[in-house]
K.L.:
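Below are the structure tokens for one structure; questions will follow.
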Amino acid sequence: MAILGIAGCTNDSTSVSDSNLVNGKKLFVGKCGACHVMARAGTKGVTGPNLDEAFSSARQENWGDDGIRGVVYGQILYPNKNAPMPANLVTGKDATDVAAYVSTVAGKPGEDLGLLATAVAPAGSGKTAVEKNGLLSIAADPNGQLLYVESKATATAGPIKLEMPNESGVPHNILIENTPIETPVIENGVAKASGTLKPGKFVYFCSVPGHREAGMVGKLTVR
Ligand code: HEC
């Protein structure tokens, strides 16, 4: 299998070339990134340790990709029971792929190239969410990135139903600052809230810790 122009290819039989790094990156962003910063994956979660920091010293001590891969794989299977990281978020070959991807990029400068660069669709369509017939729908990024698909929204003043579709499996909600309009936190489905909007400029964001800071925030204009 072709290696995608990224560093970290080794020649032994269990090398990362056997693993599907693209699958590993997608799964990392969807299952791990909400809790871990890792620059190459573009993830910004703060519940767990920053994985670039966690592994840069291991790299300096010459652990190499294979050593790091083993640590990550072990962590996926056997996380500390008292910590908030659930065991077996990914299993089987998926777990191998995630460990291979992390070991290839954590603590390394630069950017993902080739197929890895496009493995995860960029979050945010750049589109504006427009309220229609009293319904305003702003989706959470379906790939698990800490962003809304729409970072801008417009609405007319008056009663409003706010909806946040969330297919990501990552817990999110949406609330409009300085109003009582706030949905519950959900991991899958459509979170809903309603209320009345006055004209003005508002900020909406996700109140799960760390998510607003990571970019899960947008601007609502009410006319
Ligand atoms: C709900 C949040 C959460 C999710 C999701 C999560 N982690 Fe973690 N992770 C943590 C926390 C918290 C720790 C610190 C655990 C401890 O202190 O024992 C951690 C620790 C780690 C470590 C050890 C870092 C170190 O400093 O040694 C690695 C590696 C890791 N996680 C990888 C992953 C991978 C890969 C995934 C996805 C399959 C993942 N995590 C998903 C919260 C999470």
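Counting convention: from 1, in listed order, for ligands and their atoms alike. Both backbone and side-chain heavy atoms feed into the values below; hydrogens, waters and symmetry mates do not.
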K.L.:
Would a single hydrophobic cluster contain both V105 and V120, if residues Ile, Leu, Val, Met, Phe, Trp and Tyr are joined by side-chain heavy-atom contacts under 4.5 Å?
P.N.:
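Per the 4.5 Å side-chain linkage, V120 and V105 are not co-clustered.
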K.L.:
Under 4.0 Å from a heavy atom of A54: which atoms of ligand 1 are those, numbered in the order shown and with their elements?
P.N.:
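The list of qualifying atoms is 25 (C), 26 (O).
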K.L.:
Quick one: do V98 and C32 satisfy side-chain contact (heavy atoms from CB on, under 4.5 Å)? Show the steps, please.
P.N.:
CA-CA 9 Å; V98 170; C32 320; 4.2 Å; yes
K.L.:
Which pair of heavy atoms, one from R40 and one from K25, lies closest together, and at what distance?
P.N.:
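So the two residues come closest at O-NZ, 3.5 Å.
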K.L.:
Looking only at heavy atoms, is any part of V71 under 4.0 Å from ligand 1, and if so is it the side chain, the backbone, or both, or is it neither?
P.N.:
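Looking at V71 and ligand 1, no heavy atom falls under 4.0 Å.
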K.L.:
Could you list which atoms of ligand 1 come closer than 4.0 Å to a heavy atom of F55?
P.N.:
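What qualifies from ligand 1 is 29 (C).
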K.L.:
Considering only non-hydrogen protein atoms, determine which one is nearest to atom 38 (C) of ligand 1 and report residue, atom name and distance to 0.1 Å.
P.N.:
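The answer is C32 SG, 2.6 Å.
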K.L.:
Work out which heavy atom in A191 is nearest to a heavy atom in P184; give both atom names and the distance.
P.N.:
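The answer is CB-O, 3.7 Å.
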K.L.:
Do F205 and Y148 make the cut of ring centroids closer than 6.0 angstrom?
P.N.:
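Ring centroids of F205 and Y148 are no less than 6.0 Å from each other.
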K.L.:
Say whether V185 and V149 are linked into one hydrophobic cluster, either directly or through other cluster members, by side-chain heavy-atom distances under 4.5 angstrom.
P.N.:
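No; tracing contacts between hydrophobic side chains, which count when under 4.5 Å, never links both residues.
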K.L.:
If you measure from each heavy atom of A34 to ligand 1, is any distance below 4.0 Å?
P.N.:
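Heavy atoms of A34 never come under 4.0 Å of ligand 1.
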K.L.:
Atoms of ligand 1 less than 4.0 Å from N80 heavy atoms?
P.N.:
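So the answer, numbered in order with elements, is 18 (O).
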K.L.:
Just by distance, no angles: are the side chains of D94 and N23 close enough, under 3.5 Å, to form a donor-acceptor pair?
P.N.:
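The criterion, which ignores hydrogens and geometry beyond distance, is satisfied for N23 and D94.
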K.L.:
Is there a protein heavy atom less than 4.0 Å away from atom 31 (N) of ligand 1?
P.N.:
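Yes, because at least one protein heavy atom sits under 4.0 Å from atom 31 (N) of ligand 1.
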K.L.:
Identify the protein heavy atom lying closest to atom 24 (C) of ligand 1, giving its residue, its atom name and the separation to 0.1 Å.
P.N.:
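Checking every protein heavy atom, the shortest distance to atom 24 (C) of ligand 1 gives P49 CG, 3.8 Å.
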K.L.:
Would you tell me whether N173 and T183 have side-chain atoms, one donor and one acceptor, within less than 3.5 Å of each other?
P.N.:
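No donor-acceptor contact under 3.5 Å links the two side chains.
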K.L.:
Please list, in number order, the atoms of ligand 1 under 4.0 Å from a heavy atom of P84.
P.N.:
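Within the 4.0 Å cut-off of P84, ligand 1 contributes 1 (C), 12 (C).
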K.L.:
Quick one: which ligand 1 atoms are inside 4.0 Å of a heavy atom on G48?
P.N.:
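Counting from 1, the qualifying ligand atoms are 10 (C), 11 (C), 12 (C), 42 (C).
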K.L.:
In terms of residue, atom name and distance, what is the protein heavy atom nearest to atom 17 (O) of ligand 1?
P.N.:
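Scanning the protein heavy atoms, the shortest distance from atom 17 (O) of ligand 1 goes to A83 CB, 4.2 Å.
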K.L.:
Looking at D65 and R59, does any basic side-chain N land under 4.0 Å from a carboxylate oxygen?
P.N.:
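Salt bridge present between D65 and R59.
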K.L.:
Identify, by atom number and element, the atoms of ligand 1 in contact range of V98, meaning under 4.0 Å from any of its heavy atoms.
P.N.:
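Those atoms are 35 (C).
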K.L.:
Could you give me the CA-CA distance, side-chain angles and deciding distance for E131 and T156, then say whether side-chain hydrogen bond (donor to acceptor under 3.5 Å, both in side chains) is met?
P.N.:
CA-CA 7 Å; E131 169 256 325; T156 43; 2.7 Å; yes
K.L.:
Can F55 be reached from L21 by stepping across I, L, V, M, F, W or Y side chains whose heavy atoms are under 4.5 Å apart?
P.N.:
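Hydrophobic grouping puts L21 with F55.
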K.L.:
Using heavy-atom distances, let me know which of M85, M38, K31, Q75 sits nearest atom 5 (C) of ligand 1.
P.N.:
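Selected option, by shortest heavy-atom distance: K31.
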K.L.:
For the 3.5 Å polar cut-off, considering only N or O atoms, please tell me whether T47 and ligand 1 meet it.
P.N.:
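No, T47 has no N/O under 3.5 Å of an N/O on ligand 1.
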K.L.:
In the protein, which heavy atom is nearest to atom 41 (C) of ligand 1, and how far is it?
P.N.:
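Checked against all protein heavy atoms, atom 41 (C) of ligand 1 sits closest to L89 CD1, 3.4 Å.
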K.L.:
Can you pull out the closest protein heavy atom to atom 43 (C) of ligand 1? Residue, atom name and distance to 0.1 Å, please.
P.N.:
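Answer for atom 43 (C) of ligand 1: C35 CB, 3.4 Å.
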K.L.:
By atom name, which N, O or S atom of H36 is the nearest to atom 8 (Fe) of ligand 1?
P.N.:
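Checking each N, O and S atom of H36, the shortest distance to atom 8 (Fe) of ligand 1 belongs to NE2.
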